[in-house]
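Okay, structure first, notes after.
These numbers come from the heavy atoms of this one structure, side chains and all, not from hydrogens, waters or symmetry mates. Everything numeric here is computed off the predicted structure, so don't read it as measured data. Labels below follow one simple rule: chain letters A, B, ... track the order of the sequence lines, proteins then strands, and each chain is numbered from 1.
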There are 2 protein chains.
Amino acid sequence: MANIKEIARMSGVSVTTVSRVLNNHPYVSSDKRAAVLKTIEQLNYSRNMNAVHLITGRTKAIAVILPHINFFYFSVIMDGLAKEALLAEYRLILCQTDYRPEEELKVLDMLRNKEIDGVVLVSTALDPATIEEYTEYGPIVTCQDSGKRSFSSVYIEHYSAFRHGLQYLVDKGYRNIGYCEGRRNGSSSSIRQSAYNDFFTERGLAVHSEWMLYDCLTEDDGAAVLHRLLNMKERPDALIITGDHVAAGLIIEAGKNNIRIPEDLAIIGFDNQPIGRLLGLTTIDNQLFEMGAAAFRIILGQINGDVSSEPVYQKLNYRIIERSTV
Amino acid sequence: MANIKEIARMSGVSVTTVSRVLNNHPYVSSDKRAAVLKTIEQLNYSRNMNAVHLITGRTKAIAVILPHINFFYFSVIMDGLAKEALLAEYRLILCQTDYRPEEELKVLDMLRNKEIDGVVLVSTALDPATIEEYTEYGPIVTCQDSGKRSFSSVYIEHYSAFRHGLQYLVDKGYRNIGYCEGRRNGSSSSIRQSAYNDFFTERGLAVHSEWMLYDCLTEDDGAAVLHRLLNMKERPDALIITGDHVAAGLIIEAGKNNIRIPEDLAIIGFDNQPIGRLLGLTTIDNQLFEMGAAAFRIILGQINGDVSSEPVYQKLNYRIIERSTV
DNA sequence: ACTTGCTATGGAATCCATTTCATACTTTAC
DNA sequence: GTAAAGTATGAAATGGATTCCATAGCAAGT
């Protein structure tokens, strides 16, 4: 394969001039530029980007850490990231690490190794303190509220969003409210859990811990929730569910079992998924696409920031979409 | 930042020895190895992978071209790719290019530029002849049947699968069969279209071109299909739909409009999505996860193949999953 | 005693582009 | 008419590893 030296030799110019042509530097006479371009054409020359990465210390690549790509939540954030990356001509390295800390650390090490210019942690098993150890190597952005850290974050206030959801149900007259959650120990799971506890204790009401249903990750889990409810002696009359696809599973299963929504059971979901709209599901939209896009813009800003820029903490606004399941 | 030279100097050994330690080469005495490791620890040294990529000519990275990540079809294939990539310690560069040929070509150019070791085209706007021009630069795998080309492919036989679906409907007594398709001019769209045409003309039956419904990509499109049907003076009594989520939209909308499934309208879908299972949707599973995993294994085999290995054409088997919408 | 083979080590070449610095010519400005 | 600014070009340093080749000590085989 031809390299820049050979192009230079064959064009009768120096390698510097070839590099200038390659990089559209203005100080090249038009005849030399033409000669270089002709040689490049002839030899079908193409730059070795690894050499460029080495000398420039940049790769125009960003790693994205997430547990599973084929979850609505993650794939929409990824879509937001990817749209911006395409515009900025950046590469996204998808690191699907299944919440395995050792794999996530490997990705952060890529930052030390200069393989990438930044890392976006969409959802992670690592604690913020561990992540902070890597901020010296390059910009890091998380898509969850991590407080004021040495890395940036884009987030919606799950505590507040969740309480809004509960308040909405209370306003509509529901008093016995249950709660479906995905992972038990996720960073935002625990925030929502406190929101749930606080909401009821503040009002002097009992917290029904048997109505806090965990491990609701899939449509099937949603369907199973219905049967969990049917087996309870005291049932909630409303449910707040983190993930419209889980709510969809529940709604469809309810239909099969003659449980009327919302008369027998009101439901509010999260994420504003297409399947939810179809089912008339009331939901809290937490701007997933925008979250991905914002995460990319922040990290790009930090990469291009001349000064070692301060971390950014960007809050996004959720909104309740009223439909007919409450 | 420290480099290998400095580590060598401080450890009192040559750079070669440091490199050997870094790469677990056996011919290093244990005392020198210990000295090197100690210095690495002290200086918090980390390899610059760009230098490694330059000298080795490999990057352990593979680009994946697809139009949209947040489609069930693509995200499941991506999941399959990602699982294998994690095992092999390879990076996946997600190139969401929205079927834009110029962007797809940029990705193929990464192969020339030595930024990546291979390319997987999950779904592409490029024609096979164009792709073939890049096979000299590295291994390429497509996830669609491209015939015997100079690049590899993993595929299911859409023609055959589609005809099986039609046959299944005919066997169940349906005669007026319509067809919902996503993109009008996709490579597998046209294959299915011929399957549809051939199936009926072979039997001496008329092909109802008004029953060939295009641009059915989302749940909402599926819902819209119902109303398209209701406005027809002559309606199909069965529908074959490429994508269970589209079928789901249709089924849910049918429920709202008192159209009974399968009595008034039988439906068979594709992809075996969770939402389909929930709805009891009869579907054709085309092994998306396995397709992604297989694509990765093939490309990895070609990267590691000492000889410039022959392209692989791997066929996967679809299967009909009988549920209750037919 | 001599060849062969294994272990251990380092020097130097190699991968390939960018960028700083130095030089020199040509305009423009005052 | 001369200083300053802009244009054009190239030599050489730089980024940071891997690996080929050469050398040498030592053990085993014949």
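Classification of B/Glu290 and B/Arg297 as a salt-bridged pair holds, one side-chain N sitting under 4.0 Å from a carboxylate O. The pair B/Lys38-B/Glu41 does not count as a salt bridge, with every side-chain nitrogen at least 4.0 angstrom from each carboxylate oxygen.
At the phosphate of D/dT9, OP1 or OP2 sits under 4.0 Å from a side-chain N or O atom of A/Ser29. Under 4.0 angstrom from either OP1 or OP2 of D/dG10 there lies no side-chain N or O belonging to A/Thr16. Distances shown here put a side-chain N or O of A/Asn23 below 4.0 Å from the OP1 or OP2 atom of C/dT18. For B/Lys32 and C/dG10, the shortest distance from a side-chain N or O to OP1 or OP2 is below 4.0 Å. The side chain of B/Thr17 places an N or O atom within less than 4.0 Å of a non-bridging phosphate oxygen (OP1 or OP2) of C/dG10. Residue B/Tyr27 places no side-chain N or O under 4.0 Å from the OP1 or OP2 atom of C/dA8. Residue A/Ser19 places at least one side-chain N or O under 4.0 Å from the OP1 or OP2 atom of C/dT18. A sub-4.0 Å separation between OP1 or OP2 of D/dA17 and a side-chain N or O of B/Tyr45 is present. Applying the 4.0 Å criterion to OP1 and OP2 of D/dT18, one finds that B/Arg47 has a side-chain N or O inside that range.
Side-chain atoms of B/Thr56 lie closest to D/dT18 of the nucleotides C/dT9, C/dA17, D/dT18. Nearest nucleotide to the A/Arg20 side chain, out of D/dG16, C/dC21, C/dT18: C/dC21. In the set D/dT14, D/dG16, C/dT9, D/dG16 carries the atom at the smallest distance from any side-chain atom of B/Ile55.
Taking the nucleotide of DNA chain C with the nearest heavy atom to each of A/Ala51 and B/Val28, the more 5' of the two is matched to B/Val28.
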Derivation and outcome, side-chain contact (heavy atoms from CB on, under 4.5 Å), residues B/Gln96 and B/Phe74: CA-CA 10 Å; B/Gln96 172 170 296; B/Phe74 300 121; over 6 Å; no
A/Val122/A/Ile65 under side-chain contact (heavy atoms from CB on, under 4.5 Å): CA gap, chis, key distance, verdict: CA-CA 6 Å; A/Val122 176; A/Ile65 295 179; over 6 Å; no
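One atom, CE of B/Met49, and another, P of D/dG15, lie 19 Å apart when rounded to the nearest Å. Distance B/Asn50 CG to D/dT18 P: 13 Å, rounded to the nearest Å. Nucleotide D/dT18 holds its C1' atom 16 Å from the CG atom of A/Asn113, rounded to whole Å. In this structure, the CD1 atom of B/Ile7 is 15 Å from the P atom of D/dG15, given to the nearest Å. D/dA11 atom C1' lies 12 Å from atom NZ of A/Lys5, rounded to whole Å. Rounding to whole angstrom units, CG of residue B/Leu54 and P of D/dT14 are separated by 17 Å. What separates CG of B/Asp31 from C1' of C/dT9 is a distance of 12 Å, to the nearest Å. Per the geometry, CD belonging to B/Glu115 stands 16 Å off C1' belonging to C/dC15, to the nearest Å.
Relative to the ring axis of A/Tyr155, A/Lys315 does not place its NZ or CZ within 45° and under 6.0 Å from the centre. A/Tyr45 does not carry B/Arg112 over the face of its six-membered ring by the limits of under 6.0 Å from the centre and within 45° of the normal.
In this structure, A/Val13 reaches the sugar-phosphate backbone alone: every heavy-atom distance under 4.0 Å involves primed, P, OP1 or OP2 atoms, never a base. Within the nucleic acid shown, A/Val18 has no heavy atom closer than 4.0 Å to any nucleic acid atom.
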